[in-house]
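The structure appears right after this line, and notes come after that.
Atom set for the values below is all heavy atoms of this structure, side chains included, hydrogens, waters and symmetry mates excluded. Note on naming: letters A, B, ... go to the chains in the order of the sequence lines (proteins, then strands), and numbering restarts at 1 for each one. Quantities reported herein were computed from a predicted structural model and do not represent experimental measurements.
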2 protein chains.
Amino acid sequence: MRADAQRNYARLLAVAEEEIALNGADASLEQIARLAGVGSGTVRRHFPNRHALLAAVFRDRVETLCAHARDRVGRPDTRAALLEWLGEVTTSAATIRGLAMALNRDRSADTEHEHCATTQLTEAGEPLVRQAAGVLAPGVTVADLLALITGIALATEDHPDPAGEAGRLFALTVAGLSPEPR
Amino acid sequence: MRADAQRNYARLLAVAEEEIALNGADASLEQIARLAGVGSGTVRRHFPNRHALLAAVFRDRVETLCAHARDRVGRPDTRAALLEWLGEVTTSAATIRGLAMALNRDRSADTEHEHCATTQLTEAGEPLVRQAAGVLAPGVTVADLLALITGIALATEDHPDPAGEAGRLFALTVAGLSPEPR
DNA sequence: TGCTAAACGGCGGGGGTCTCCGTATCGTAT
DNA sequence: ATACGATACGGAGACCCCCGCCGTTTAGCA
């Protein structure tokens with residue numbers, strides 16, 4: 001990769017991060033190009049489509065989350081290990097503007113992106129779920145948990161305190177809105 | 001309202017419903033105008049913004065849901081009454097393309113639309129929640145329940161079987177993903 | 001110091017939103 | 001039956017965005 005290409009790539013990534021934090025996942029690519037001081041063609045060369053840009057912007061964050069999942073595998077308190085991780089994912093999804101929408105979109109992407117963020121998170125979280133299977137409602141999968149979290153994050157996106165609200169709602173779903181009285 | 005205006009309004013509403021069912025809440029207003037055989041100005045006159053169009057398209061459905069909530073008030077089995085209604089809302093939100101997004105958007109609309117769909121549903125569902133308060137987790141509000149439902153609907157929008165998946169996820173949150181072991 | 005392949009910028013086409021205004025039409029008052 | 005004012009219509013124009021393409025510049029190697 002040529003030096004100028006590297007520079008532009010880095011600049012674009014930085015600008016895109018700000019712009020997405022400001023305007024969400026639908027931020028204008030044109031505007032990002034303008035702010036980065038490059039032509040719109042350059043954006044498109046580095047990131048063929050919006051999905052690619054989102055993936056690049058959130059890559060580090062997602063990988064950190066995956067790493068934290070792996071760190072927690074093997075802990076004796078399997079339930080706490082899982083719930084702590086899910087809480088972290090919830091906070092990230094609710095706090096980082098655009099992330100929830102990005103996750104939601106690549107869930108429904110037609111082509112199987114082998115390494116899209118959702119897939120990564122699913123694979124990283126799977127062991128945590130498996131080892132906590134005993135304390136989970138029967139039939140619950142990692143995919144379910146991530147779907148619920150992204151849903152909650154989407155629904156709280158414009159709340160004054162997204163992370164707080166999202167955390168509260170997720171806690172409710174963990175405990176049950178109305179557990180079967182018996 | 002002049003006769004031609006009424007005709008166009010009705011045509012637009014019908015076309016918009018189809019188009020939104022097909023392409024979601026972001027359907028092109030221009031395209032709707034074209035299909036209805038009217039100028040784009042006419043669309044904009046009847047519905048000043050996208051929110052107004054969505055509200056009009058979903059009004060009947062939302063009112064039906066509200067009516068069903070009222071029908072269930074006073075039933076002795078308060079828990080079932082509430083859960084049945086929430087199930088109906090979930091199915092609607094997950095089945096009717098664009099509805100979940102519309103609900104989610106008017107939740108975050110800055111100006112307090114006195115009678116936006118979410119407000120209506122909240123008011124209609126409130127009595128059901130109050131009378132079932134005893135069997136609900138403490139602190140749960142109608143707004144919470146509706147937020148969770150729209151979140152779930154958003155997250156399952158592109159699933160092969162949205163209603164089924166949404167229903168399943170909602171059932172999970174009702175029962176609890178991992179009820180406190182005691 | 002040349003040279004070539006890679007990277008760049010921006011143009012043009014297609015489409016969308018929103019505003020505005022000249023024109024056609026409806027409904028009524030005469 | 002007709003004339004007239006209010007109302008609704010349609011589409012042009014300004015602006016923005018996405019996307020593909022191509023002539024030009026430039027980095028990095030020989």
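- The distance from atom CZ of A:R11 to atom P of C:dA7 is 18 Å, rounded to the nearest whole Å.
- Contact annotation: A:H46 side-chain N/O to C:dA7 OP1/OP2 distance is not under 4.0 Å.
- B:R107 and B:T150 share a side-chain donor-acceptor pair at under 3.5 Å.
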Could you pull out every donor-acceptor pair under 3.5 Å between side chains of residues 13-24 of chain B and any protein atom, sequence neighbours left out?
from  : atom 1 : to    : atom 2 : distance (Å)
B:E19 : OE2    : B:N23 : ND2    : 2.9

Please tabulate, for the side chains in residues 32-40 of chain B, all donor-acceptor contacts under 3.5 angstrom to protein atoms that are two or more places apart in sequence or on a different chain.
from  : atom 1 : to    : atom 2 : distance (Å)
B:R34 : NH1    : B:Q31 : OE1    : 2.7

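- Phosphate proximity of D:dC9 to B:N8: present, with a side-chain N or O under 4.0 Å from OP1 or OP2.
- Applying the ring-ring contact (aromatic ring centres under 6.0 Å, His included) criterion to A:Y9, with sequence neighbours excluded, gives A:H46, A:F47.
- Dashed line: the shortest gap from a side-chain N or O of B:T42 to OP1 or OP2 of D:dG10 is under 4.0 Å.
- Grouping Ile, Leu, Val, Met, Phe, Trp and Tyr residues whose side-chain heavy atoms lie under 4.5 Å apart, directly or via other members, places B:L154 in a hydrophobic cluster with A:M101, A:L154, B:M101.
- Residue pairs meeting the ring-ring contact (aromatic ring centres under 6.0 Å, His included) criterion with at least one member in residues 116-145 of chain B, sequence neighbours excluded, do not occur.
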What one-letter contact string describes nucleotides 17-30 of chain D from 5' to 3', where B marks a base within less than 4.0 Å of any protein heavy atom, S marks contact via sugar-phosphate atoms alone, and - marks no contact? SBB------BSS--

